[in-house]
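Worksheet for the structure shown next.
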Amino acid sequence: PGYTGSLSGSSALAGVCSACVAGTFKTASGVSNCTDCVAGKFKVLVAQNNDTCDSCVAGKWKSLVGQPSDTCDDCPQGTFKGTDGQTQESDCVACDQNSSSPASSDGGDDCLCNPGYTGALSGTTALIGSCSACVVGTYKAASGTPNCTLCPAGSTSPIAADVNSDCRKLAVLVEPTDVLANALFSPPVQIQLQTHDGLPIRGNATTIRVVLSGQGDINPSATLNQVT
């Protein structure tokens, strides 16, 4: 075991026994050839008499047989695999589309939600969890599991905001001008309020002051009843 070759001769020995090379093994005596380590495994030692091939560790894979050294390939960025001995890149599991992971990641917890998204991911052979976009009026600047942060009072942000500068101060925009004029007179009309760049007014704003001015019979009951 561990050696292969064919010997012969009557008065003198002909032939030699050669050690099984790295990446192979042989468990029985005789002239049979050495056996390759299977895909997903390798062996750096020679003359192995048992299948002691080492597996590619979790987060790596190898499709070739008979590998004499640890030349296992990494699962690419944005994927992971929590079990060893993988034989092809497709064995690697994709992270959530709104997350990322380094190469050779060995677990779903290596997948970190991107800025603007929050959530906790885990898993070994399948992804558990998902990344959710930060809602309007919040933001998240770092990757990982932290919660989204509320914008300062009097400001709002779009969905999936990823920097605090996405929080913009509220500004009342009422268009066209005849809508404003109608609000000053009876009967009252509904006015849609929004930020200066078109975002709906939501979040943690507590007070919005609307100043109406003009000439004529101003309707004193023109008030802001609800912000949505």
Side-chain angles (χ1 to χ4, degrees), residues 1-10 12-133 140 142-146 160 162:
Y3 290 81
T4 187
S6 179
L7 305 176
S8 62
S10 56
L13 180 68
V16 295
C17 293
S18 301
C20 292
V21 299
T24 68
F25 64 93
K26 181 169 171 277
T27 61
S29 299
V31 298
S32 59
N33 294 326
C34 302
T35 302
D36 288 331
C37 292
V38 299
K41 293 188 175 185
F42 64 94
K43 194 65 182 183
V44 298
L45 301 177
V46 301
Q48 297 303 291
N49 58 13
N50 283 296
D51 183 0
T52 57
C53 301
D54 301 304
S55 296
C56 295
V57 299
K60 293 177 177 287
W61 61 277
K62 195 68 180 183
S63 61
L64 301 177
V65 301
Q67 294 302 290
S69 60
D70 184 359
T71 57
C72 301
D73 298 297
D74 294 337
C75 284
Q77 292 180 343
T79 68
F80 70 93
K81 190 65 178 186
T83 53
D84 58 15
Q86 302 308 304
T87 61
Q88 51 193 351
E89 184 176 323
S90 60
D91 291 333
C92 304
V93 181
C95 294
D96 184 275
Q97 63 178 347
N98 295 307
S99 69
S100 59
S101 69
S104 71
S105 291
D106 59 5
D109 54 355
D110 289 328
C111 301
L112 301 179
C113 293
N114 296 331
Y117 293 82
T118 186
L121 304 174
S122 62
T124 54
T125 60
L127 182 67
I128 300 172
S130 61
C131 296
S132 302
K140 177 171 167 278
S143 297
T145 60
D162 57 7

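This chain uses plain numbering: 1 for the first residue, then up along the sequence. Only this structure's heavy atoms are used, side chains among them; waters, hydrogens and symmetry mates stay out.
Val44 and Ala22 make their closest contact through O-CB, 3.6 Å (heavy atoms, listed as atom of the first residue, atom of the second, distance). Scanning all heavy atoms of the two residues, the minimum distance from Asp109 to Leu112 falls at O-CD2, 3.8 Å. Pairing each heavy atom of Lys140 with each of Asn114, the nearest pair is NZ-O, 3.5 Å. Contact between Cys53 and Phe25 at its shortest, heavy atoms only, is SG-CD2, 3.9 Å. Minimum interatomic distance between Ser105 and Thr79 (heavy atoms only, all atoms of both residues): CB-O, 3.4 Å. Cys20 approaches Lys26 most closely through the heavy-atom pair SG-CB, 3.5 Å.
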Show your working on side-chain contact (heavy atoms from CB on, under 4.5 Å) between Thr24 and Lys43 and close with a plain yes or no. CA-CA 7 Å; Thr24 68; Lys43 194 65 182 183; over 6 Å; no
Check the pair Thr125 / Lys81 against side-chain contact (heavy atoms from CB on, under 4.5 Å), numbers first and verdict last. CA-CA 6 Å; Thr125 60; Lys81 190 65 178 186; 4.2 Å; yes
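Paired with Gln48 under the rule side-chain hydrogen bond (donor to acceptor under 3.5 Å, both in side chains), one option of Asn50, Asp51, Thr52 passes, and it is Thr52. Here the options are Asp70, Val65, Leu64, the test is side chain to side chain contact (heavy atoms under 4.5 Å, CB included), and the partner is Phe42; only Asp70 passes.
Annotation: the span from Asp91 atom CG to Thr83 atom OG1 amounts to 7.5 Å, rounded to 0.5 Å. Separation of atoms OG (Ser99) and CG (Asp110) is listed at 10.5 Å; rounding is to 0.5 Å. Summarising the geometry, atom CZ belonging to Phe80 is positioned 7.5 Å from atom OG1 belonging to Thr124; distances are rounded to the nearest 0.5 Å. Between the SG atom in Cys111 and the CD atom in Gln97 there is a gap of 12.5 Å [rounded to 0.5 Å]. In this structure, the separation between CG on Asp106 and SG on Cys75 is 9.5 Å, given to the nearest 0.5 Å.
Within the 4.5 Å cutoff, no side-chain heavy atoms of Cys113 are placed close to those of Ser143. Ser29 has its side chain within reach of Pro1: a pair of non-hydrogen atoms, C-beta onward, lies under 4.5 Å apart. Within the 4.5 Å cutoff, the side chain of Leu13 has heavy atoms near those of the Leu7 side chain.
Looking only at distances, no side-chain donor or acceptor of Thr118 sits under 3.5 Å from a matching main-chain atom of Ser132. Ser122 places no side-chain N or O within 3.5 Å of a backbone atom of Gly108 that could act as its donor or acceptor partner.
Taking the charged nitrogens against the carboxylate oxygens, Lys41 and Asp54 have no contact shorter than 4.0 Å, which rules out a salt bridge.
Not counting sequence neighbours, the partners of Lys60 by the side-chain hydrogen bond (donor to acceptor under 3.5 Å, both in side chains) test are Asp74.
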